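What follows is a set of notes on a single structure, which appears directly below.
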Amino acid sequence: MLLKLTEAAFRQLKTMELQKGQTPRIEADITGGCGISIKFTLVIDEPRRNDILLTYESFQIHIDQFTKRYLDEEIKIDYRDKEGFLVGESFTSNACAFEFN
C-alpha cells in the first residue's frame, strides 16, 4: 500500500502533539444493513497488535486488517480546516443480495 499526504495534511500532522503511546491510525466507519456506507477517518489512538504500519517521510500511520480490505492500494490523506482529515475514497453501496426459493 502506498500512502500519500497532501501538503496541508503533512503540515497538520507535524503540528499535532501526541500523547505517549498514541499514533495516527486510519479507521473505517461502516454503517447500514442491506446497502453499506463506508467512511474513513484518521484518529489518534494506541496502536493495535496486528496493525499494518504505513510510513510517509517521518510519520507512521497504522491501519488494521479490517480497514485495509476497504482501502485502495494508494491511500491519499488531505486536511481541510472545517472538515479535518479526509482519508481515501468513502463510498456507499445500495446493492442488496436477495435469494428466492
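Model, not experiment: these values are computed from the prediction.
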Next item on the list: Please report the shortest heavy-atom distance between G21 and P47, naming the atom on each side.
Entry: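 Looking at all heavy atoms of both residues, the closest pair is O-CD, 3.2 Å.
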Q. For the residue pair Y79 and A8, what are the closest heavy atoms and their distance?
A.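 Residues Y79 and A8, closest heavy atoms: O-CB, 3.5 Å.
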Say you draw a straight line from [atom1] of [X] to [atom2] of [Y]; how long is it, rounded to the nearest 0.5 Å?
| X | Y | atom1 | atom2 | result |
| --- | --- | --- | --- | --- |
| I30 | Y70 | CD1 | OH | 4.0 Å |
| L5 | F10 | CG | CZ | 7.5 Å |
| L42 | Q12 | CG | CD | 10.0 Å |
| D29 | I38 | CG | CD1 | 9.5 Å |
| R49 | E46 | CZ | CD | 14.0 Å |
| F85 | L13 | CZ | CG | 4.0 Å |

Taking only residues two or more places apart in sequence, or in another chain, which ones meet [X] in a salt bridge (charged side-chain N to carboxylate O under 4.0 Å, His left out)?
| X | value |
| --- | --- |
| E7 | R11 |
| E17 | none |
| D64 | R25, R48 |
| E74 | K4 |

Does one hydrophobic cluster hold both [X] and [Y], with members joined at side-chain heavy-atom distances below 4.5 Å?
| X | Y | answer |
| --- | --- | --- |
| L53 | F66 | no |
| L2 | I61 | no |
| V43 | L86 | no |

Review point. Would one find more than 12 heavy atoms of other residues, nucleotides or ligands at under 6.0 Å from atom CD of Q22?
Key: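 Buried by this count: over 12 neighbours within 6.0 Å.
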T41: which residues meet the side chain to side chain donor-acceptor pair (under 3.5 Å) condition with it, sequence neighbours left out?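 Not a single residue meets the side chain to side chain donor-acceptor pair (under 3.5 Å) criterion with T41.
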* Asked: Does K76 pair with D78 as a salt bridge, N-O distance under 4.0 Å?
  ->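 Salt bridge absent between K76 and D78.
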Review point. Which residue pairs pass the side chain to side chain donor-acceptor pair (under 3.5 Å) test when at least one of the two sits in residues 53-62, sequence neighbours left out?
Key: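 Only D51-H62 qualify under side chain to side chain donor-acceptor pair (under 3.5 Å).
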Practice prompt. Apply the side-chain contact (heavy atoms from CB on, under 4.5 Å) test between I52 and each candidate in I63, I26, T67; give the one that qualifies.
Written response: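 Of I63, I26, T67, side-chain contact (heavy atoms from CB on, under 4.5 Å) with I52 is met by I63 alone.
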Indicate yes or no for a side-chain donor-acceptor contact from E73 to the backbone of M1 under 3.5 Å, with no hydrogens or angles considered.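 Side chain of E73 to backbone of M1, a donor-acceptor pair under 3.5 Å: yes, one is there.
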